[in-house]
Amino acid sequence: HENIGAVATCVDCGVGLCKDCVQNALYTRDNKPICLNCSKKEAGAQASNAKGEVRWLSIQLVYLAVFFVVGLYVYYTAENRDTAGLAMIGTWCVANILKIFVGTFTSLAGETHDALMLHTNAGGWWLIKIIKLAVLGIFWGLFLPIQIVWVAFKLIKAKKQASVLWQNQDMANSINM
């Protein structure tokens, strides 16, 4: 609204905002309004992040479910019933160790080279990290069925949140000023 006096400015880009724009702002930062163009960008970014979260949780759920079924298969096809339970839990532990390693090395790839060089004994650091991840994988492997339920609940929650964010994005994109 160029012909109306500004009462505030967008905290992102600094454009002047009239009273109506301030009252009807779709997004705020620290209770300060964001203009429509910046709101559209924010809505797009949040919708994109939500889509990525839903995708990642879906992959985790399928991954855990597959290893759950593989563990049950190992259990029911084992000839020695005394060790069948250990084989099943071992399969679940391997699944979690792999999941933790993939997540850890993916996040480490994003770190700078300097951050990795802070460890003077890199070999010892990696050995401790691998042992820690293996212990966590074994621990969480024991609770794989519970993990499946937990990830499923997180996925349902993420889908609901993503739906709201996609609606916000559609609403922001439909407004023309």
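What's counted below: heavy atoms across the whole structure, side chains too, no hydrogens, waters or symmetry copies. Computed from a predicted model, the values in this text were never measured in an experiment. Numbers here simply count residues along the sequence, with the first being 1.
In terms of heavy-atom proximity, Val7 sits nearest to Cys18 at CG2-C, 3.7 Å. The minimum heavy-atom distance linking Val54 with Leu155 is given by the pair O-CD1, 3.6 Å. Nearest heavy-atom pair across Leu17 and Cys10 is CD1-N, 3.8 Å.
If you take CZ on Phe67 and CD on Gln147, they are separated by 12.5 Å, rounding to the nearest 0.5 Å. The structure places NZ of Lys157 at 11.0 Å from CG of Leu57, a figure rounded to the nearest 0.5 Å. Taking CD from Gln60 and CH2 from Trp150, the interatomic distance works out to 12.0 Å, rounded to the nearest 0.5 Å. To the nearest 0.5 angstrom, Leu72 atom CG is 10.5 Å from Thr77 atom OG1. Distance NZ/Lys40 to SG/Cys35: 10.0 Å, rounded to 0.5 Å.
No salt bridge links Glu53 with Lys154; every basic N to acidic carboxylate O contact stays at or beyond 4.0 Å.
Judged by distance alone, the side chain of Ser48 and the main-chain N or O of Gly44 form no donor-acceptor pair under 3.5 Å.
Counting heavy atoms from C-beta outward, Thr9 and Val15 have side chains that stay 4.5 Å or more apart. Between Ile34 and Thr28 there is no side-chain heavy-atom pair separated by less than 4.5 Å.
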